[in-house]
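What follows is a single structure, written as structure tokens, with notes after it.
Quick caveat, the model's predicted, so the values are computed rather than measured. Computed over heavy atoms, backbone and side chain alike; hydrogens, waters and symmetry mates excluded.
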Amino acid sequence: MIDWLYLAVQAAALAMSAWFFVDTARSRLVSRRHFVGVAVLEALLLAQLAVSIAIVPGEPGEGQALFFSYLVTTILVPVAACFWGSIDRSRWGIGTVAASGLIVAALMLRIHQIWEFQIHV
């Protein structure tokens with residue numbers, strides 16, 4: 001796992017969450033600019049997946065299946081939250097997308113732990 005990419009994903013997920021929680025407090029609906037924010041996060045997550053596919057098979061430790069299952073789940077969470085948030089027309093629609101950023105940050109922390117303690121030992 002490349003540390004600067006991991007930190008970029010963490011920063012993007014937390015910044016997106018903060019932005020969306022402010023919009024939740026303002027009772028805004030999910031709009032195109034929110035989709036752009038999620039798309040930036042997804043681009044970083046897909047870059048992390050591509051780097052992981054290149055790096056992980058050559059590492060000696062165990063846990064590759066667990067690592068990739070967490071990574072794929074992390075990629076799917078913001079997409080599912082955007083879908084859910086766009087069909088929920090209440091003020092909490094954007095709140096679900098905001099919460100997905102916190103979930104992504106937590107999952108990335110767990111992925112980093114799997115990398116450090118089970119794969120790259």
Pairs meeting criterion ring-ring contact (aromatic ring centres under 6.0 Å, His included) with involvement of residues 5-59, two or more places apart: Tyr6-His112, Trp19-His34, Phe20-His34
d(Ile114 CD1, Leu66 CG) to nearest 0.5 Å is 3.5 Å
Rounded to the nearest 0.5 Å, what separation is found between the CD atom of Gln48 and the CD1 atom of Ile53? 10.5 Å
Here the pair of heavy atoms bringing Cys82 nearest to Val38 is SG-CG2, 3.4 Å
Quick one: CD on Gln113 to CD1 on Ile119, what's the gap to the nearest 0.5 Å? 12.5 Å
Do Ile55 and Ile75 sit in the same hydrophobic cluster, where Ile, Leu, Val, Met, Phe, Trp and Tyr count as joined when their side-chain heavy atoms come under 4.5 Å apart? yes
Please check: side-chain N/O of Arg28 versus main-chain N/O of Ala25, any donor-acceptor pairing under 3.5 Å? no
Tell me the closest heavy-atom pair linking Ser100 and Met16, and the distance in Å. OG-CE, 3.9 Å
Non-hydrogen atoms of Leu41 and Ala13 that approach each other most closely: CD1-N, 3.8 Å
Flag yes if Met108 and Leu14 sit in one hydrophobic cluster, no otherwise; membership is Ile, Leu, Val, Met, Phe, Trp, Tyr, and two members link when side-chain heavy atoms are under 4.5 Å apart. no
Partner residues of Tyr70 under the ring pair (Phe, Tyr, Trp, His ring centres under 6.0 Å) criterion, sequence neighbours left out: none
Where is the tightest heavy-atom contact between Ala81 and Val97, given as atom of each residue plus distance? O-CG2, 3.3 Å
Which pair of non-hydrogen atoms, one from Pro78 and one from Val104, has the smallest distance, and what is that distance? CG-CG2, 3.6 Å
Kindly compute the distance separating CD1 (Ile111) from OG (Ser52), expressed to the nearest 0.5 Å. 7.5 Å
For the backbone of Leu102 and the side chain of Ser17, can you confirm whether one donor and one acceptor N or O come within less than 3.5 Å of each other? yes
